[in-house]
Amino acid sequence: MTPYLPQSPQDEDHMVEAAFQDLMKCYLASNHRKKVEIIERAFRFAKEAHKGVRRRSGEPYILHPVAVAKIVIAELGLGSTSICAALLHDVVEDTEFTRDDIEAAFGPKIADIVEGLTKISGGIFGDKASLQAENFRKLLLSMSTDIRVVLIKMADRLHNMRTLGSMRPEKQYKIAGETLYVYAPLAHRLGLFKIKLELEDLAFKYEHPQKYAKIMAKLNESATHREKIVEEFVKPVKEKLDAAGFKYEIKARVKSAYSIFNKMETKKVPFEEIYDVYAVRVIFENDDDSQEKIRCWQIYTFFTDGHRIHPDRLRDWTSIPKANGYRALHLTAMGPEGKWIEVQIRSRKMDEIAELGYAAHWKYKTGVHEDETELDTWMNTIKDILANPEPNAIDFLDTIKLNLFASEIYVFTPKGDLITLPAGATVLDMAFAIHSEVGTHCMAGKINHRLVPLSHRLDSGDQVEIITSTSQKPQAEWMQFCHSAKAQNRLRAILRKDLKLLSERGEKIFKEFLDREGITPSNELTTKILATHHLNSKEELWQMLANDEINLSAKELRELNNSRVSLMKKLLRNPFASKKKQEGQAKEPVNRKEVYVLHPDDAKPNYKFDTCCSPIPGDDVLGFVDEDENVVLHKVSCPNAMRLKSAYGSRLVATRWGGAAPKFLATISIDGLDRHGILEEITSLVSQKLGINIRGLNIAARHEVFHCEITVQVDNVETVENICDSLKKIKDIKFAKRTS
């Protein structure tokens with residue numbers, strides 16, 4: 001982002017007016033009714049309210065609401081009510097004006113939306129876990145009353161991401177983490193495909209700047225060649241479309257940098273082996289809805305006539321749309337030079353819904369719309385989750401995320417009713433989707449007259465009968481069979497209720513035992529018992545006592561009561577709880593506003609590694625400050641780090657590597673064609689030519705293919721990348737990638 005240069009008050013005023021006129025130009029070019037006067041008033045009101053206030057970049061604050069309002073009209077296609085609410089969205093939060101002032105000047109509808117936005121202001125997440133969950137609930141509740149609140153919030157987040165360069169590094173990580181964890185999947189679920197891709201790419205850019213730059217450079221290098229391949233691919237199809245009288249446009253689409261990075265990471269392949277970088281979109285004009293599906297399939301035949309089609313990549317979302325309303329026909333065909341090219345066939349109406357999702361047809365604009373039944377179903381699921389909220393913030397966010405990210409399968413009841421479930425859903429998920437009582441008493445399922453267990457994963461098209469019994473009760477192990485947010489939420493609520501009764505019984509047993517033995521109860525004694533039995537909480541102790549899993553000994557309790565064992569501090573469910581905290585070892589607080597320099601070459605490094613992702617010097621890492629002011633490192637891409645960024649942003653510190661690093665162990669996975677002498681070439685290259693110490697080697701060949709795991713001692717991640725690049729140059733080696 002270009003730094004903002006200070007200007008004279010007159011020049012700044014001209015700049016603000018120019019930004020507003022640009023907004024009005026977009027509005028006047030739209031097909032909305034021209035309510036210019038109220039938008040003008042909202043702008044003047046907001047400009048006066050934010051007078052003298054500046055953003056972190058130094059620019060006048062009013063430029064932010066104007067930019068958000070422009071996204072609302074230009075990219076979401078919303079009308080004057082939403083534009084006014086976007087212009088006013090920070091007024092109640094940041095100035096002395098109230099909701100009543102907004103209502104008096106602009107009416108109840110705009111005031112309601114501004115109030116909804118004020119409730120969730122400052123980002124979904126605060127500094128405390130309980131507040132994060134509460135703020136997210138507020139966002140979801142506001143969605144259920146007026147979807148415009150969350151659409152404007154999306155525009156607000158998009159502009160904040162576009163201007164993230166002016167923020168401090170640790171704030172960039174926190175906001176990028178929130179965006180990937182909640183906002184991008186929420187945009188996906190609402191069908192805001194374009195916004196979802198941009199949010200992901202911007203978050204990726206700030207989390208992995210070097211990897212982002214590498215992928216973008218490779219995409220730019222190959223742009224001309226890519227255009228040539230696509231042009232050659234669509235040429236015969238264009239001729240058929242013209243001959244059939246279609247009015248259409250064909251767009252070449254490039255896979256986003258973030259999705260390329262994701263595929264490279266999950267499949268452990270280099271950029272050159274990502275086969276679906278190429279994509280083509282055919283958008284045709286259609287004035288007869290009854291012919292829309294037929295025309296999609298007609299265009300499909302134009303591609304099948306001249307190209308080989310990938311048999312497993314046909315996706316028909318014209319008959320059953322995705323849960324976010326998306327409709328299109330997808331196929332993958334073989335293009336020039338052996339490149340697979342994905343083709344998306346859409347009518348103009350399908351394309352608008354694909355880009356804008358429910359923003360293209362919300363209820364209060366067009367009445368009840370046939371395409372909105374899926375949105376209603378999803379919102380009902382959200383309301384179910386809100387009715388039984390998780391007490392723990394991260395559990396709550398994870399439960400919601402199941403619903404946000406899920407790709408769908410479609411299953412049927414014995415009567416033929418269609419039920420949409422997340423991919424990977426089980427018989428138990430379907431039982432809870434039908435009704436909570438059905439889920440609670442579910443014993444098994446029946447598919448094609450065949451009995452299947454609760455854990456059986458369903459496929460699209462399955463017709464499932466749920467078998468129940470009044471004697472059946474939910475079990476704790478059922479949690480591992482649940483893949484839908486509704487099932488997990490309901491099951492947790494039932495199990496919590498049972499555990500509460502169990503805890504009460506166990507606590508009673510404990511107190512009665514102490515009374516009987518004449519031992520004085522104390523928090524210190526309870527803490528020592530927890531430490532002795534390696535338990536995390538009193539509730540866990542009560543439950544184990546009630547289940548007869550622990551037997552209390554009067555002698556042991558008296559010894560603990562009289563011993564001088566120091567009190568262990570147990571921070572329940574806190575990922576930053578330190579293992580040891582001895583008196584007199586208080587450390588200097590970490591300055592979280594500055595970049596924390598990591599010194600791996602010190603005798604005692606000034607950081608700790610978390611075991612979940614095992615980073616090594618040179619990796620993109622984040623620091624989290626624990627209770628004892630230790631900096632604990634995670635890889636930026638670590639799933640645990642993503643969750644912690646979202647929920648514990650205040651503990652985040654930006655880091656960079658400094659100094660020379662000690663040696664670390666890294667494992668490289670190698671695949672290739674087996675031949676005599678290849679192992680000798682691998683060991684010779686690594687050990688002699690590159691001078692790297694090999695600490696472990698495991699190789700196995702099957703038929704003509706071999707797989708090798710080599711563990712090497714390295715000082716940083718660049719050394720590992722250099723080894724991989726060198727290995728790939730050996731004849732017959734097809735793959736070399738660091739795996740740990």
Minimum-distance pair of heavy atoms, taken over all atoms of Met350 and Arg327:
CB-O, 3.5 Å

Are any of the side-chain heavy atoms of His330 and Glu342 separated by less than 4.5 Å?
yes

Validation row: Tyr300, Leu314 side chains within 4.5 angstrom (heavy atoms)
yes

Kindly give the heavy-atom pair with the smallest separation between Pro65 and Leu87, and that separation in Å.
CB-O, 3.4 Å

Run the salt bridge (Lys or Arg N to Asp or Glu O under 4.0 Å) check on Glu48 and Arg44 step by step: do they pass?
CA-CA 6 Å; Glu48 187 59 32; Arg44 301 292 165 209; over 6 Å; no

Min side-chain heavy-atom separation Ile345-Thr318 under 4.5 Å:
no

Within a strict 4.5 Å, meaning less than it, do heavy atoms of the Tyr183 and Lys153 side chains meet?
yes

Side-chain contact, heavy-atom cut-off 4.5 Å: Leu88 with Leu117?
no

Between Leu219 and Met216, is there a side-chain heavy-atom distance shorter than 4.5 Å?
yes

On a heavy-atom basis, the closest approach of Ala425 and Leu421 is CB-CB, 3.7 Å

Between Ala252 and Val230, the two heavy atoms sitting closest are CB-CG1, 4.0 Å

Please give me the minimum heavy-atom distance between Ala184 and Lys196, naming the atom from each residue.
O-CG, 3.5 Å

Any chance the side chains of Arg157 and Thr179 put a donor and an acceptor closer than 3.5 Å?
yes

Could you list all the ring-ring contact (aromatic ring centres under 6.0 Å, His included) pairs where at least one residue sits in residues 53-81, not counting sequence neighbours?
His50-Tyr61, Tyr61-His64, His64-His89, His64-His159

Classify the angle between the aromatic ring planes of Phe261 and His208 as parallel (below 30°), tilted (30 to 60°) or perpendicular (above 60°).
tilted

Using only atom types and a distance under 3.5 Å, with no angle test, would you say the side chain of Asp101 pairs donor to acceptor with the backbone of Thr98?
yes

Can any side-chain N or O of Gln172 pair as donor or acceptor with the backbone N or O of Leu164 at less than 3.5 Å?
yes

Please examine the side chains of Lys194 and Glu75, heavy atoms only from C-beta on, and report whether any two atoms are closer than 4.5 Å.
no

With sequence neighbours left out, the residues meeting side chain to side chain contact (heavy atoms under 4.5 Å, CB included) with Ser319 are Lys293, Asp316

So, the side chain of Tyr258 versus the backbone of Lys205: is there a donor-acceptor pair under 3.5 Å, distance only?
no

Does Val16 form a side chain to side chain contact (heavy atoms under 4.5 Å, CB included) with Phe43? I'd like the steps, not just the answer.
CA-CA 10 Å; Val16 170; Phe43 167 65; 3.8 Å; yes

Do you see a donor-acceptor pair shorter than 3.5 Å between the side chains of Asn286 and Arg346?
no

Less than 3.5 Å apart, any donor N or O on the side chain of Ser259 or Asn262 sitting next to an acceptor on the other?
no

So, Arg41 side chain and Ala105 main chain: donor-acceptor pair closer than 3.5 Å or not?
yes

Do Tyr206 and Met167 have side-chain heavy atoms sitting under 4.5 Å apart?
no

With a cut-off of 3.5 Å and sequence neighbours excluded, list every side-chain donor-acceptor pair involving residues 18-27.
from	atom 1	to	atom 2	distance (Å)
Asp22	OD2	Lys70	NZ	2.5
Tyr27	OH	Arg33	O	2.3
Tyr27	OH	Lys35	N	2.8

Shortest non-hydrogen contact between Ser82 and Arg148, atoms and distance
OG-CD, 3.2 Å

